[in-house]
There are 2 protein chains.
Amino acid sequence: MNSDTENHGFGAVLKELGLKETPKRRVMLEILAEEQRFLSPEELWLALKGRFKTIGLPTVYRNLEELANGGVISTVIHPNRQLYYYFCTAESGHHHHFICTSCRRVEDIPECTVAAMEGEIVTRTGGKITSHIVQFNGFCRHCLADPNERTAI
Amino acid sequence: MNSDTENHGFGAVLKELGLKETPKRRVMLEILAEEQRFLSPEELWLALKGRFKTIGLPTVYRNLEELANGGVISTVIHPNRQLYYYFCTAESGHHHHFICTSCRRVEDIPECTVAAMEGEIVTRTGGKITSHIVQFNGFCRHCLADPNERTAI
DNA sequence: CGCTAAAAAGAAATCGTTTCCCTTTGGCAC
DNA sequence: GTGCCAAAGGGAAACGATTTCTTTTTAGCG
């Protein structure tokens, strides 16, 4: 399995978003897809530096934003207010996350209950909801059981 | 109703948090309490400048954080990732917000459904939730009805 | 009234993020 | 295959919200 020949179908994903399929975008998606935890732009940049002689941090920011806007990856808002990114394997459309602020694992939460909340809010306020931020932070069962596994962001 | 003599009971609130009752803290709370919308630290600072000859922006940040940690005011995370603050009149303990990204009005949302979600998440993941971010963004009924009322943040 | 720790001022630093401008490249046309 | 052009990327620099630092002031207690 060579990343130069096996592109995990990311090329098609990029094309759908109207984005050119560049090596950097492909590798960004590869790294995010292989990583089980959410990453900061700078961390992703450091990983990319190992595979490209030249790679700028602005490029990483730009692509992360485009990919997130396209729904290919999702954002994680850490309580420290920094932005992290996560490749969502769940193909199940819109949903939310329970993130471990220790080891950075992410678990998917189905969207259902939030949709119910939205309906109630719209009914009661007469407003219109354009977006929402729903995220649960805590310790996953691994970090809960074994404090030694805990890491700091 | 003079703010020098009528302190809305904010002194007691500050004392409960172990904070000294300073004129600046009192006026910060006054301004936030009178304001129906969420404010940025800088906006609050500008308002304070009208009432104090010297008032530093770091002071505003420091106090906002202390008050938010104490639960006296609550934070609003705007999609633009800036932090805003809002004085919650609802005494009903923990709850969430529907914010209008146009006029900045805030409506309270009871906590109930989120608590149910949390229970389900804990059961399913075996983790422990330490905090959550739940916020709905959109247009309130006023801005929905009258686009002229809309303002940009 | 004096003391002491907390609070505040003001300037400067920090740092995540974005902008600018120039160079390179993907992808379609011929 | 070659050329073209808009999109993508590099690198430096700007930006701007937030924080840190050091000194001065003040609240609140004895």
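Side-chain atoms are counted along with the backbone in the values below, which use heavy atoms only and exclude waters and symmetry mates. Per chain, numbering begins at 1; letters A, B, ... match sequence-line order.
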Using a cut-off of less than 4.0 Å, is there contact between a side-chain N or O of [X] and OP1 or OP2 of [N]?
X       : N      : value
A:Thr22 : D:dG9  : yes
B:Thr59 : C:dA9  : yes
A:Asn63 : D:dG9  : yes
B:Thr54 : C:dA9  : yes
B:Arg25 : C:dA7  : yes
A:Tyr61 : C:dT17 : yes
A:Lys24 : D:dG10 : yes

Aromatic ring pairing A:His97/A:Tyr86, orientation class (parallel under 30°, perpendicular over 60°, tilted between):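 A:His97 vs A:Tyr86 ring planes: perpendicular.
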
[X] and [Y] ion-paired at < 4.0 Å:
X       : Y        : answer
A:Arg51 : A:Glu30  : yes
B:Glu42 : B:Lys49  : no
B:Glu43 : B:Arg104 : yes

ILVMFWY cluster, B:Ile129 and A:Ile77 together (side-chain gap under 4.5 Å):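 In one cluster with B:Ile129: A:Ile77, no.
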
Can you check the [X] [atom1] to [N] [atom2] distance for me, whole Å?
X       : N      : atom1 : atom2 : result
A:Glu65 : C:dT19 : CD    : P     : 9 Å
A:Gln82 : C:dT18 : CD    : P     : 12 Å
A:Lys15 : D:dA8  : NZ    : C1'   : 16 Å
B:Leu64 : C:dA8  : CG    : C1'   : 14 Å
B:Arg26 : D:dT26 : CZ    : C1'   : 13 Å
A:Ile77 : C:dT17 : CD1   : P     : 11 Å
A:Arg62 : D:dA7  : CZ    : C1'   : 10 Å
B:Leu29 : C:dA7  : CG    : P     : 14 Å

Nearest-nucleotide pick for B:Glu21, side chain only, options being D:dG28, D:dA8, D:dT18: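 Output: D:dG28.
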
